[in-house]
Amino acid sequence: MRSREEMVSLVIKRAAVFCLPSVLLAVLGLSGCKTAPPPDPQSQLIAKGRDIFFNETFAGNGRTCGTCHPAENNFTIDPAFIAALPKDNPLFVAEFNPALKENFENPALMREFGLIQENLDGFDDLKNKFVMRGVPHVLGLRTSVASPGGPRTGWSGDGAPGDGSLRSFGVGAVIQHFTKTLNRVPGIDFRLPTEDELDALEAFQLSLGRQQDLVLPLRLKGTVPKRGQAIFLDNSLGKCNLCHVNAGATANFGGGSLGNANFNTGVEDLPDQPARLTTQTVPRDDGFHTPGDGTFNVPPLVEAADSGPFFHNNAIETIEGAVAFYDGDAFNSSPAGLALKQADPRGVGIELDGTQIVAIAAFLRVINTLENIRQSIMLLESSLSVSSPEERKRLLQRAAAETGDSIRVLEGGGLHPDAVAHLRDARRMAEKAVRSVFFNRKHTEAAIRDQKKARAVLVD
Amino acid sequence: MNVMKFVVGVVGMSALLVGGQPPASAQKMTEQFIPIGQSPGLSGKATVIGKLQSVNTPQKTCVIAGPTGALNVTVTEQTKIWLDRSKLQQPNLKGTFADLRPGATVEVKPEGQQRGVASAAAEWIKVQAASP
């Protein structure tokens, strides 16, 4: 399915295509632009939201939503991405803005582990009351926010002020991350988003990534990923599908969907958490509510493999490690682990061996690659219908970047070298299309064919 | 293997892990910095803005004259009270029950999503700070 975001560029650029000859006609002193139908209101709203997301600073410290949720890095940031940013990037305001030097961010933990400081339990003791969290991608939000108890946003599900909705999230983000000083006075340190801006931001964010959940099992071709899928879906072995139904973000224990639920899976009890190995202060994160109940919100897994590090505290760098977490003590002694154990006829929570951990991770790598291929094809197709060379270049470059993710994700697990070869061809063709003036269509179409060949290697 | 026992046990989990939370309450504490009347999705819908008519300190209750009548508010352990000083261009502060002074303009978010009730426990109360 084509995401709304790309539909917007399609619609808008199609309008431009219609008008293209008018340039020639204008040169000849004639007027002959057949105006195309204007883009529909929803597409216009999404385009407006996209502009706000990537360009609006809300009169604050220079950050935009895109500072921490950049499109070119799967709408999240990690230490490698951070390391490549220039020193004056507004992500680093705490390093060069004296008013934000203390109690706003922890530059050491940001650079080494990609962690962001948040005052989820209140702003009355900035020095001691804060949590350090990773930045979640904002993909597939249409599938990962709703719950019977209300909308769940952020790692603990209570990230948004007001009614707690995705629409309201932006207001909290501006107050937390965009302020010029720690006074956080609206109208002085930042301005709050208007109602119209919130509508547009919401529409844009809902347009990103998957619009619906997968239906598992897929007809996977790889031996190990296929076994991984079976373990994932097996409620007496992997048990993953209880909380991540169809590798998404909803739970179902057999009594109907619980929506995007919260659980205490014991991530905070992991020993040797990277950030806590340093000399920096990292207070315990108590999760949902103030004071917290220790639970965190279930993230979707289709988008996981290329958006690590994993969990709310970026505690684990690799997808294999994230799966292995469920075989450990921290999980099996947690309230969720104990409940699984109680419900299990053999009295075990989740017990996996090395081969099984790797198999589940291989499955997560393959479904992530399939999603990247879907996105890449969409971007490539959109690029064929735009007239603006810059827009075409942007779409082709994003397709190449997504393809790079596909390659890394498969190679990182030693999976499907034949698919990787097709993906390399696809990336080369997309890059050629970026450079080519006359043959970009030909190269783009070749790239689409290679993407489809890669997909055919992974799944029937 | 006893599948039924498994399902029943796991369904039991839902109460332990998901349940027990009042719907959509106690959202992110950035609420503190949002001026009275501007809480997204709440102001004009699920909150009451009005003047404090009376305050009963021993009982931790107060009465607010809202646009559609009086609202009897109970302040609980969970109620967050904030001092809204944004009109003075000063930072908003965490407040206490003592900040609830008769005559002050307040915005109250009743617990849950109830609207148009005559009495409710407050999830949060924002108090307009007096001009200097």
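Below, chain A is the first sequence line, B the second, and so on; all start at residue 1.
Annotation: salt bridge (Lys or Arg N to Asp or Glu O under 4.0 Å) contacts involving residues 166-181 of chain A, sequence neighbours excluded, comprise A:Arg167-A:Glu195, A:Arg167-A:Asp199.
Counting heavy atoms of neighbouring residues, nucleotides and ligands inside a 6.0 Å radius, atom NZ of B:Lys94 does not exceed 12 of them.
Nearest heavy atom pair, residue A:Gly162 against residue B:Glu31, reads N-OE1, 2.7 Å. In this structure, B:Lys80 and A:Thr290 approach most closely via the heavy-atom pair NZ-O, 3.5 Å.
Heavy-atom pairs under 4.5 Å with chain B peak, among A:Gly294, A:Gly154, A:Ser168, at A:Ser168. The candidate from A:Glu118, A:Gln176, A:Arg184 with the greatest count of non-hydrogen atom pairs under 4.5 Å with chain B is A:Arg184.
A distance of 8.5 Å separates CG of A:Asn183 from CZ of B:Arg85, quoted to the nearest 0.5 Å. The CZ atom of A:Phe123 sits 6.0 Å away from the OG1 atom of B:Thr30 when rounded to the nearest 0.5 Å. For the atom pair B:Met29 CE and A:Ile175 CD1, the distance stands at 12.5 Å (nearest 0.5 Å).
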Kindly list each side-chain donor-acceptor pair under 3.5 angstrom involving residues 49-63 of chain B, sequence neighbours excluded, with atom names and distances?
from    : atom 1 : to       : atom 2 : distance (Å)
B:Lys51 : NZ     : B:Thr105 : OG1    : 3.2
B:Asn56 : OD1    : B:Gln59  : N      : 3.1

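Residues of residues 32-41 of chain B lying within less than 4.5 angstrom of chain A, judged on heavy atoms, are B:Gln32, B:Phe33, B:Ile34, B:Pro35, B:Gln38, B:Ser39, B:Pro40, B:Gly41 in numerical order.
With sequence neighbours left out, the salt bridge (charged side-chain N to carboxylate O under 4.0 Å, His left out) criterion links A:Asp121 to no other residue.
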